[in-house]
Amino acid sequence: KKLEDILNENLKKLNRQKGVGIVMNPQNGEIMALVSLPTFDANIFARGITINEYQSLEQSIDKPLFNRAVSGEYPSGSTIKPIIAAAALQEKIISSDTSFLSTGGLQVGQWSFPDWKAGGHGVTNVRKAIAESVNTFFYYIGGGYNDFQGLGIDKMVVYLKKFLLGEKLGIDLPNEASGFVPTKSWKEETKKEKWYIGDTYHVAIGQGDLITTPLQVATYTSFFANGTKMFQPHLVKEVRTPDGQVITSVVPKILAENILSPDVVRIVREGMKQTTVSGSARSLSELPVSSAGKTGTAQWSSKKDPHAWFTGFAPYENPEIVITILVEEGKEGSIAATPVAREFLK
């Protein structure tokens, strides 16, 4: 209820209608809150809905019956960067000390690939790259540049799939979407075009044809929270008889584990911590509890504002909750999504 209230208030301030909030226990996959806005009054179904009421919900351009949290598919924006950073560390493409100079972006022939900050971020290692969301660093480690060899799209796809992107997680709700992980062969077959270095750069920063669901983002965030496992997200805790006897208790199901070495997890977590201390979500540093996270600004249309993301966990040392916020067309994650997480954690 509280998450819905906070998300609603923030959407009103931004003059937006559509958003998602998910709170999950990273230690077992329990969904503690699941909000999709705009919503509808479920009581009208319980008492018997009229044809007119149903049609007005069904035909609304805001799609209140559509559960954006599990069925909505969006570019991840920079929330994907912890996975890309982890892949580069795990594959020894970089170490925690590797640095690149960000001067505002990269130029490849006639094509430019920008940083979000004009003039760039200066000398950047992996922790700073996560904390300040430095695109240049991820272009380098994703696609390579000049003499530096990056992961390449094939290896990136392997890691995105290790984190279960592009597939359903099996939540106990209908109509879960699977998102999409693009590959070279898919582009050649579907678009009849070859795969360019620019495509690799786009995937490395969570743009292009890479599509995720908010539930997937919350679930891979829970891996970085607990350090070793991804659990199947679930709402049902136990099933009881009318007189209160427990028939079945839901046993947490592990979907993936030990994807990364402990050292790699530690470095990525430190980058996510830096995000909330001095990076793009530093407003969370005001909280009485430690936290870690990642903001995202996901472009999806040349005519409409980007979607705004925040995903993170708290307390940093022994996480009890993961929180993932998405504001459709919210422009920037740090401005539209992070305040919701901050207020909720507070």
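FYI, the numbering just counts along the sequence from 1.
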Kindly determine whether Gln27 and Asn318 satisfy side chain to side chain contact (heavy atoms under 4.5 Å, CB included), including the steps that lead there.
-> CA-CA 10 Å; Gln27 309 299 343; Asn318 188 19; 4.1 Å; yes

Candidate pair Ile80 and Ile205, rule side chain to side chain contact (heavy atoms under 4.5 Å, CB included), full reasoning | CA-CA 7 Å; Ile80 206 72; Ile205 63 165; 5.9 Å; no

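To the nearest 0.5 angstrom, Thr213 atom OG1 is 11.0 Å from Glu167 atom CD. A distance of 12.5 Å separates CD1 of Ile335 from CG of Asn10, quoted to the nearest 0.5 Å. Distance check: Trp309 CH2 to Ser334 OG gives 15.5 Å after rounding to the nearest 0.5 Å.
No close placement of the Tyr196 and Trp111 rings is indicated, their centers lying 6.0 Å or farther apart. Taking the six-membered ring for Trp and the full ring otherwise, the centers of Phe163 and Phe224 sit less than 6.0 Å from each other.
Side chains of Thr212 and Ser76: no donor on one and acceptor on the other come within 3.5 Å. Side chain to side chain, Tyr74 and Glu328 meet the donor-acceptor criterion of an N or O pair below 3.5 Å. For the residue pair Thr338 and Thr295, no side-chain donor N or O sits within less than 3.5 Å of a side-chain acceptor on the partner. For the residue pair Ser290/Glu317, the side-chain donor-acceptor check at 3.5 Å is satisfied. Side-chain contact of Thr50 with Asn52: a donor-acceptor pair under 3.5 Å is absent, judged by distance alone. Side-chain atoms of Thr276 and Tyr316 include no donor-acceptor pair closer than 3.5 Å.
Checked against salt bridge (charged side-chain N to carboxylate O under 4.0 Å, His left out), Lys155 has the following partners two or more places apart in sequence or in another chain: Glu91. Not counting sequence neighbours, Asp172 has no partner by the side chain to side chain donor-acceptor pair (under 3.5 Å) test. Contacts of Arg282 classified as salt bridge (charged side-chain N to carboxylate O under 4.0 Å, His left out), with partners at least two apart in sequence or in another chain: none. Listed by chain and number, the residues in a ring pair (Phe, Tyr, Trp, His ring centres under 6.0 Å) with Phe313 amount to none (sequence neighbours excluded).
Among residues at least two apart or in separate chains, side chain to side chain donor-acceptor pair (under 3.5 Å) pairs with a member in residues 200-209 are Lys191-Asp209, Trp195-Thr200. The stretch residues 128-150 participates, sequence neighbours left out, in these side chain to side chain donor-acceptor pair (under 3.5 Å) pairs: Ser78-Ser133, Lys81-Ser133, Lys81-Asn135, Asp115-Thr136, His121-Glu132, Ser133-Lys294.
Among all heavy-atom pairs drawn from Pro319 and Pro26, the shortest one is O-CG, 3.8 Å. Nearest approach of Leu101 to Val123, heavy atoms of both residues: CD1-N, 3.7 Å.
Between Ile94 and Leu89, some side-chain heavy-atom pair lies under the 4.5 Å cut-off.
Lys168 has no carboxylate O lying under 4.0 Å from a charged side-chain N of Glu176, or vice versa, which leaves the two without a salt bridge. We find that Asp5 and Lys2 are not joined by a salt bridge, their nearest charged nitrogen and carboxylate oxygen being 4.0 Å or further apart. Checked for salt-bridge contact, Arg240 and Glu238 meet the test: a charged N lies under 4.0 Å from a carboxylate O. Between Asp199 and Lys184 there is no salt bridge, since no side-chain N of the basic residue sits under 4.0 Å from a carboxylate O of the acidic one.
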